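To start, the structure under review is shown below, and the notes come after it.
It should be emphasised that the depicted structure is a prediction, and the values quoted were computed from it without experimental measurement. Every chain is numbered from 1, with letters handed out A, B, ... down the list of sequences.
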Amino acid sequence: MKASAFHLFTTRETPAEAEIASHRLMLRSGMIRKLTSGIYTWTPMGLRVLRKVEAIVRDELDKAGYLEMLMPAVQPAELWDETGRWEKFGGQLLKIQDRAGRDYCFGPTHEEVVTDFVRNEIRSYKQLPVTFYQIQTKFRDEIRPRFGVMRAREFLMKDAYSFHIDHASMDETYWEMYEVYSRIFTRTGLRFRSVEADSGAIGGSQSHEFHVLADSGEDLIAFSDQSDYASNLELATVAKPPGNLAAPAEKLRVVDTPDAHTIDELVSGYGAAIEKTIKTLIVHAAGECEADFVALLVRGDRVLNELKAARLEQVASPLRFASDEDIRSAIGAGPGSLGPVGLELPVVADQEVALMSDFVAGANSDNKHYFGINWSRDVDLPVTADLRNAVAGDLSPDGQGNLQLARGIEVGHIFQLGTAYSEAMNAVVLGEDGKSHVLHMGCYGIGVSRIVAAAIEQNHDERGIIWPEPIAPFQLALLPMNAKKSHRVRAAADQLYAELLEAGVDVFYDDRNLRPGVMFNDIELIGIPHRVVIGERGLDNGALEYRQRNDTENSELPLEGALAAILEKLQAG
RNA sequence: CGGGGCGUGGCGCAGUCUGGUAGCGCACUACAAUGGGGUUGUAGGGGUCGAAGGUUCGAAUCCUUUCGCCCCGACCA
């Protein structure tokens, strides 16, 4: 591609709206332009990257024998009524009407449509298992779109759905898809990790997420340094800590703590060691619980895991924290002064809290804390559970190694749906036994447009994007120096360009007659992995200059046989 | 939805407090010089200051309403 025939939309300045690196760089390199909140145009440059990601995804899915199709983006409300999701999906569902006033939505996902298709077309177990997929624009009316295409409202997604006669078949395809996903993300050239995930409201027994690792990622993942264990932090179980309850060493005493309303203030103002403090969190109780509220205890330096808390039978799900007023009327003290001693509410303690001794907690009286609290002696040992987020250094739940934490960007998610949708929509087939069987389903998503942003988030520097080769918009940039004046430079560049094209190289030939600095900056901003410079200087020595996006120094390639030398560099990556 | 901020040429901004008829940098056009890391000069084009209403002799500026966008939070099969 010649630059003169390919519009670049690079900018020197960053639009004020861009907060994170990938968004800034996508705007500056001219890959995307915003139309309105959460909705973007992909420019020719941006689309090249998107298409490369798409091609990898498609290729691996096709190889696995899954069938590409294309379903409608606009879907009738009746279908969504069948699964109850017209209401349940909430504000994220973009609802629209046609001229007759009939309700439709712009598809945020396609379980309903694909299940409808399958229940109409698939009659027999002999046609199973089958997996359909599509790569299509989705729309989810996010409460707060942000970070450019990272969390856009309109985005490109690969969604796949598998159908099975039974659970075993679904399980088999699920793990097959897990491998396919691993191959896909490996091929993109990105550093990624698959983790156990919460299957959430969609239900189902198995779920994994695939994360591109990046320090700016919004998700935290925990993994063992010695085994394959890896999990989304919200799901990572904390092993029961070893050890026994120590004998009390201190006396229980009340301390006036007028300036301590948080753990930090308790530590800094009153000399409490943070690992000797406990946080008392009041949440709404489950309907069947006799009390209105439940107290949850975690160590002062730990973070309550809301997902784990909501799973407790005593606790309302989803988790709801009690308001300050609720707490005051139930306990008679404010949130900064709560503790287990003398508390007349059901209490659940994190398993680690049960092993604490001589600890500090609120006295359920404003501006007072107990110091030197010990279980049994001062207050009954409560029920215990795993309530906190894992932290780096925790024992791995599988008993092998210790946990480490990393940040990730979720780019893929696979689920075993089971019969949730097929039952609601009466999607059945005849089995070998001559009877109707409700279909088992799996669903599998990849955020294609998000991968592009995640790739940049993982691979960039102060100059711009550093594309992994497999998804770079161009493999190689060819830059002639001062070609306007130098006919031999131009001639050499033209010739090499022709040879590269002939050899099938995805080359970007900057024939814009710009000053070198401008070209260098553009090419580095766009992040093309390889660069060849042709100038008078080099021609005098029979050489070309070569460097990779990551290099800090140029190297030389012979002008004679340049094509072969370049191809070798491209091969080597 | 709650809290905060911003809307002035394509982009980044000043001007708003204290009303006087719109400015800077980048980008763009033409010409010239320059030519290995965002080059310089000269001359240009482009904005009903988000929108509507009001106050005033006069509104980017003051008042009211409204729309959009961004950030934090809640939310995120």
Side-chain angles (χ1 to χ4, degrees), chain A residues 7-20 23-24 27-28 30 33-39 80 83-85 88-93 107-112 138 140-148 150-153 155 157 159 161 197-204 207 209 218-219 232 234 306-307 318-321 409-410 412-418 420-421 424 441-445 447 450 463-464 479-486 489-490 510 512-525 531 533-540 544-545 547 552 554:
Chain A
H7 287 276
L8 290 186
F9 304 100
T10 53
T11 63
R12 203 187 287 214
E13 284 176 296
T14 311
E17 70 200 43
E19 284 288 309
I20 62 168
H23 190 194
R24 274 200 305 271
L27 288 168
R28 282 199 54 212
R33 285 293 181 256
K34 184 175 72 176
L35 181 62
T36 184
S37 178
I39 300 181
W80 286 72
T83 56
R85 290 211 294 179
K88 262 193 298 191
F89 212 91
Q92 274 206 77
L93 193 62
T109 179
H110 279 66
E111 282 83 9
E112 281 81 1
K138 298 282 192 276
R140 295 181 190 179
D141 198 358
E142 292 282 345
I143 291 173
R144 185 149 87 86
R146 57 186 129 171
F147 305 148
M150 187 77 84
R151 173 162 311 220
R153 294 196 291 173
F155 59 99
M157 181 176 177
D159 47 325
Y161 308 89
D198 180 29
S199 46
I202 202 164
S207 178
E209 292 167 350
E218 287 193 279
D219 293 324
N232 193 306
E234 63 182 9
E306 300 189 15
L307 210 61
L319 192 76
R320 280 183 300 138
F321 285 99
I409 298 164
E410 184 190 343
H413 203 160
I414 58 178
F415 296 90
Q416 292 191 3
L417 294 180
Y421 291 88
M441 259 178 97
C443 83
Y444 320 89
R450 181 181 279 184
R463 292 178 171 279
L479 308 183
M481 296 293 102
N482 197 16
K484 193 175 182 180
K485 284 277 177 63
S486 168
V489 166
R490 167 155 295 246
D510 200 339
R512 294 179 294 174
N513 287 324
L514 295 173
R515 301 180 73 85
V518 179
M519 290 194 286
F520 291 147
N521 280 310
D522 267 354
I523 295 307
E524 282 163 356
L525 176 60
R531 171 179 109 184
V533 171
I534 299 184
E536 288 278 352
R537 254 188 229 166
L539 292 182
D540 288 341
L544 302 174
E545 289 158 39
R547 83 198 268 175
T552 49
N554 287 329

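Taking atom CZ on R151(A) and atom P on C70(B), their separation rounds to 14 Å, with Å as the unit. To the nearest angstrom, P of A77(B) lies 16 Å from NZ of K138(A). If you take CD of E218(A) and P of A74(B), they are 11 Å apart, rounded to a whole angstrom. In this entry the distance linking CZ of R146(A) with P of G4(B) reads 19 Å, nearest Å. Distance, Q92(A) CD to A74(B) C1': 13 Å, rounded to whole Å. Following rounding to the nearest Å, E142(A) (CD) and C1(B) (P) show an atom-to-atom distance of 16 Å. If you take CG of L27(A) and P of C69(B), they are 15 Å apart, rounded to a whole angstrom. With rounding to whole Å, R153(A) atom CZ is found 18 Å from C76(B) atom P.
Searching all strands for a Watson-Crick or G-U wobble partner of G45(B) with both distances below 3.5 Å returns nothing. U34(B): no Watson-Crick or G-U partner with both key distances under 3.5 Å is found in any strand. The base-pairing partner of C6(B), taking Watson-Crick or G-U wobble contacts with both distances under 3.5 Å, is G68(B). A27(B) makes up no base pair with any nucleotide shown, lacking Watson-Crick or G-U wobble contacts both under 3.5 Å. Using the Watson-Crick or G-U wobble rule with both distances under 3.5 Å, G53(B) pairs with C63(B). Pairing partner, C1(B): G73(B), with both Watson-Crick or wobble hydrogen-bond distances short of 3.5 Å.
Between T10(A) atom OG1 and L525(A) atom CG the span is 6.5 Å, to the nearest 0.5 Å.
Here the nucleotide nearest the side chain of R85(A), chosen from G73(B), C69(B), A77(B), is A77(B). You'll find that the side chain of T109(A) is closest to A77(B), out of C69(B), C72(B), A77(B). Closest to the A16(A) side chain, of the nucleotides G25(B), C13(B), G68(B), is C13(B).
Nucleotides C57(B) and A52(B) are separated by 22 Å at their P atoms, to the nearest Å. For the C1' atoms, the distance from A60(B) to A51(B) is 14 Å, rounded to whole Å. Nucleotides U61(B) and U56(B) have their P atoms positioned 16 Å apart, rounded to a whole Å. Taking the C1' atoms as reference points, C76(B) lies 44 Å from G37(B), given to the whole Å. Nucleotides G54(B) and C71(B) have their P atoms positioned 36 Å apart, rounded to a whole Å. The gap from the P atom of C69(B) to that of A77(B) amounts to 23 Å, rounded to the nearest Å. With C1' as the reference atom, G5(B) and U29(B) are 37 Å apart, rounded to whole Å. G23(B) sits 14 Å from G9(B) when the P atoms are compared, rounded to a whole Å.
Scanning both residues, L479(A) and I523(A), for their nearest heavy atoms gives CD2-CG1, 3.8 Å. Pairing each heavy atom of P480(A) with each of V489(A), the nearest pair is CB-CG1, 3.7 Å.
Listed by chain and residue number, R488(A) satisfy the salt bridge (Lys or Arg N to Asp or Glu O under 4.0 Å) test with E536(A) (two or more places apart in sequence, or in another chain). Looking at residues two or more places apart in sequence or on another chain, you find no salt bridge (Lys or Arg N to Asp or Glu O under 4.0 Å) involving E209(A).
A close approach under 4.0 Å does occur between a side-chain nitrogen or oxygen of R144(A) and OP1 or OP2 of C72(B).
Residue-to-nucleotide proximity on RNA chain B shows that, of E306(A) and K34(A), the 5′-proximal contact is made by K34(A). Across the interface with RNA chain B, nearest-nucleotide mapping of G38(A) and I143(A) shows G38(A) to be the residue nearer the 5′ end.
Checked for salt-bridge contact, R146(A) and E19(A) miss the test: no charged N lies under 4.0 Å from a carboxylate O. No salt bridge links E410(A) with R450(A); every basic N to acidic carboxylate O contact stays at or beyond 4.0 Å.
Figure legend: cation-pi geometry between R531(A) and F520(A), with NZ or CZ positioned under 6.0 Å from the six-membered ring centre and within 45° of its axis.
Residue contacts shown for K88(A) are absent, as no nucleic acid heavy atom lies under 4.0 Å away. Across all strands, S486(A) comes closer than 4.0 Å to no nucleic acid atom at all (heavy-atom distances).
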key: Contact state string [nucleotides 30-41 of chain B, B base, S sugar-phosphate only, - no protein heavy atom under 4.0 Å]   = ----BBBBBB--

